[in-house]
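Keep in mind that the numbers below use all heavy atoms, side chains included, and drop hydrogens, waters and symmetry copies. Here is the naming used below: chain letters follow the sequence lines, and residue numbers restart at 1 for every chain.
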2 protein chains.
Amino acid sequence: MTLTTANDTPATLMIIDDHPLLRRGVAQLLELEDDLELVGETGDPEEGIALALKLEPDLVLLDLNMPGVNGLEALRRLREANYSGRVVMFTVSDHEDDVVAALRNGADGYLLKDMEPEDMVRQLRQAALGRMVISESLTALLAEALRNQRNAPTTPDIHSLTQREREILQQLASGLSNKLIARKLDITEGTVKVHVKHLLKKLNLRSRVEAAVWAVQEGIDH
Amino acid sequence: MTLTTANDTPATLMIIDDHPLLRRGVAQLLELEDDLELVGETGDPEEGIALALKLEPDLVLLDLNMPGVNGLEALRRLREANYSGRVVMFTVSDHEDDVVAALRNGADGYLLKDMEPEDMVRQLRQAALGRMVISESLTALLAEALRNQRNAPTTPDIHSLTQREREILQQLASGLSNKLIARKLDITEGTVKVHVKHLLKKLNLRSRVEAAVWAVQEGIDH
DNA sequence: CGAGGGCTATTCCTTTAGGGTTAGCCAGCC
DNA sequence: GGCTGGCTAACCCTAAAGGAATAGCCCTCG
C-alpha cells in the first residue's frame, strides 16, 4: 500500500456510489485539489470491489446505502479480499446501528453526505493520511453507542438464531400471530411458540413486540 | 408564472437539498445546458421555501429527505403559499408510500437520485414544459399503489388518531407492554388498553404487533 | 345551555402469549 | 455406538392482550 504523506505524489481515491450526480460533485470537488486524485468511480458495488482490488487506491469512499449488495457487505468483502487501503463510509444515514456496524467491520471513517465541501476535502485528506475520520455530528451518537455497549453487553445478534428461528422471526415481524405463522409454515401453533420462546431468549428480548420492532429496524423483515 | 416552451429564454430552476456535493453535481450538469438555468440553491428547507417564493423559478427540485422540516412538508408549504411553478421531488427513496404521498400533495414529478445525468436533464426539460416526470423504475411501483388503493381503501392513516393515541402508539412501537406504557404515562393499564383498542380500530389493524411494525416502518416511532 | 369528543377508568370475558418441562425423530460428529 | 443440536409436539400454568360496555370529567363548539 502506498501512503502519501506530504507533497509527494497525490493520494489516490475511489468512489463507489450509486448516485451519478453525487459522484460528479465529488469529482469536481477533488479536481480542485492537487494532493487528492480520483482514480476510479462506479455506481455498481460489485464492479467497485473489483476496481478497488485492481487499482489499489489509498482510499475508497463507499456508499452505505446501495441497491443489491449494500455498503456494509461491500466493506466486508473488501477486507476479506485483503484490500489494505482506507475505506471511508459515505452516507446519509446517521443511525447509530449503521455507524457502529461500519466501524466494527473495519471502516476507517464515516462521513455524512450533507457535510460542507470544504470539510469534506479536509476530512478526506486526513483519512488518506491514515487518520480515522468521523463526521462531527456523530460524536454524541458514538458516545451513546459506547454507553449502551457498557450497559447492555448482550446486543441482539441475528446470527445466534437457527434458520427456522429466523424464519419465524420474519413472519412475526410482519405482524402475524403464532396461529397464522403456524398455518403459513404448516406446523402446529405449539411449535411456533417454542421457536418464539427460544428466539426471545437468544435475543434477550421480553416480548414478540420487541422482537418485531427490532427486526424491522434491523431490516430483517421480508 | 413564466413557462418556457421553446428556444425562448431558458427555464429557471432551483434546488433544495441538504447535500452540498449533490447540489454541486446538479449545478455542473445544468451549466452544460443552454435551456436550463439554475437560479438558486440551498440546503435549508425554510430558506428554500422563501427563496422559491421570491425567485419564482419555473421548477423546484426538492429533496424529500432533509433534517428538520422534511420535503413533503416543504411541498405542502409551497403549495399553500400559492407557489405555482413545478415542484419535482428528488430523492433516494423509492418507497411506495413516499412516492404516493408526494404525488398526492401536488408534486409534479418524482425523480430518483441514482438516475443517469443524461436522463436527468431530459426529465427536467420535460418537467419545465409542464409534463409530469417519474423515474422509470417507479412505474411498476405506481401500478402497485393504484391496485392497493382499489383493494384496500382504508390505508392506515396516522392523522385519524388523537394526540394521546399517537403517544400510546409510539410507546407501543418501542416494544413496551400496556403496563409499562401506563407507568410511563402515569395512567392505569386499563386506560392504555382502551387507547390501544381505539387506535387498532382506527388503523384497521389486528394486533399491537401489526401496529408496532407499521409505526416503525412509517417512522412514527420515537 | 346541550351535544359531542377526548381522556380517564372500571368490569367482565375470551383469546393470545410466553415460561417450564418432557419427548420423539433425525442429522452430523467424535 | 453415544452425544449434540435442530425441529417437531404436547402438557401445564400464569400473564398479557384485546373486545364490549358503561361512565365520569373536562373542554369546545354551536
Side-chain angles (χ1 to χ4, degrees), chain A residues 152-218 220-222, chain B residues 152-218 220-222:
Chain A
T154 49
T155 291
D157 181 13
I158 182 70
H159 301 298
S160 66
L161 301 184
T162 68
Q163 187 58 44
R164 198 54 158 173
E165 285 162 352
R166 269 193 290 275
E167 203 170 348
I168 299 279
L169 177 58
Q170 286 173 3
Q171 299 302 322
L172 190 159
S174 70
L176 297 186
S177 66
N178 290 338
K179 190 177 292 183
L180 291 182
I181 296 175
R183 212 169 288 167
K184 196 162 188 175
L185 300 185
D186 203 32
I187 53 180
T188 68
E189 183 183 353
T191 301
V192 175
K193 291 173 80 167
V194 172
H195 287 307
V196 171
K197 187 188 345 180
H198 288 164
L199 72 85
L200 286 180
K201 191 154 199 171
K202 285 185 180 176
L203 298 177
N204 195 29
L205 298 174
R206 276 149 301 287
S207 73
R208 69 197 291 105
V209 184
E210 286 189 8
V213 169
W214 178 74
V216 172
Q217 287 173 341
E218 295 288 308
I220 298 170
D221 55 327
H222 68 261
Chain B
T154 49
T155 291
D157 180 12
I158 183 70
H159 301 297
S160 66
L161 302 184
T162 67
Q163 187 58 44
R164 197 55 156 172
E165 284 162 354
R166 268 194 290 275
E167 203 170 348
I168 300 278
L169 177 58
Q170 286 174 2
Q171 299 303 323
L172 190 160
S174 70
L176 297 187
S177 66
N178 291 337
K179 190 177 293 183
L180 290 183
I181 296 175
R183 211 170 289 167
K184 197 161 187 175
L185 301 184
D186 205 31
I187 53 181
T188 68
E189 183 183 352
T191 300
V192 175
K193 292 173 81 168
V194 172
H195 286 308
V196 171
K197 186 192 344 180
H198 288 163
L199 72 86
L200 286 180
K201 190 153 202 172
K202 285 184 180 176
L203 298 178
N204 195 30
L205 299 174
R206 276 150 300 289
S207 73
R208 69 197 292 106
V209 185
E210 286 189 8
V213 169
W214 178 73
V216 172
Q217 286 174 341
E218 296 288 308
I220 298 170
D221 56 327
H222 68 262

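Atom OG of A:Ser207 and atom CZ of B:Arg208 lie 7.5 Å apart (nearest 0.5 Å).
Nearest nucleotide to the B:Lys193 side chain, out of C:dT8, D:dG19, D:dA17: D:dA17. Among D:dT8, C:dT8, C:dG18, the nucleotide with an atom closest to any side-chain atom of A:His195 is D:dT8. Set against D:dG19, D:dA10, C:dT10, the side chain of B:Thr188 has C:dT10 as its closest nucleotide. Among the nucleotides C:dG6, D:dA10, D:dA20, the one closest to the side chain of B:Lys197 is D:dA20. Nearest nucleotide to the A:Thr191 side chain, out of D:dT8, C:dC7, C:dG19: D:dT8. Checking C:dG18, D:dA20, D:dA17 against the side-chain heavy atoms of A:Leu200 singles out C:dG18 as nearest. Considering only the side chain of B:Asn178, D:dA17 comes nearest among D:dC7, D:dA17, C:dG18. The side chain of A:Arg208 has C:dA17 as its nearest neighbour among D:dA16, C:dA17, C:dA9.
Within the nucleic acid shown, A:Ser177 comes within 4.0 Å of sugar-phosphate atoms alone, with no base atom in reach, counting heavy atoms only.
DNA chain C is contacted by both B:Val209 and B:Val194; B:Val194 maps to the nucleotide lying nearer its 5′ end (nearest heavy atom per residue).
To the nearest angstrom, P of C:dT11 lies 13 Å from CD of B:Glu189.
A side-chain contact (heavy atoms from CB on, under 4.5 Å) with A:Val192 holds for exactly one of A:Leu172, A:Ile181, A:Leu176; it is A:Ile181.
Neither OP1 nor OP2 of D:dA17 sits under 4.0 Å from any side-chain N or O of B:Arg206. OP1 or OP2 of D:dC7 lies within a sub-4.0 Å distance of a side-chain N or O belonging to A:Thr162. Phosphate contact (OP1/OP2 of D:dA16, side-chain N/O of A:Ser207, threshold under 4.0 Å): absent.
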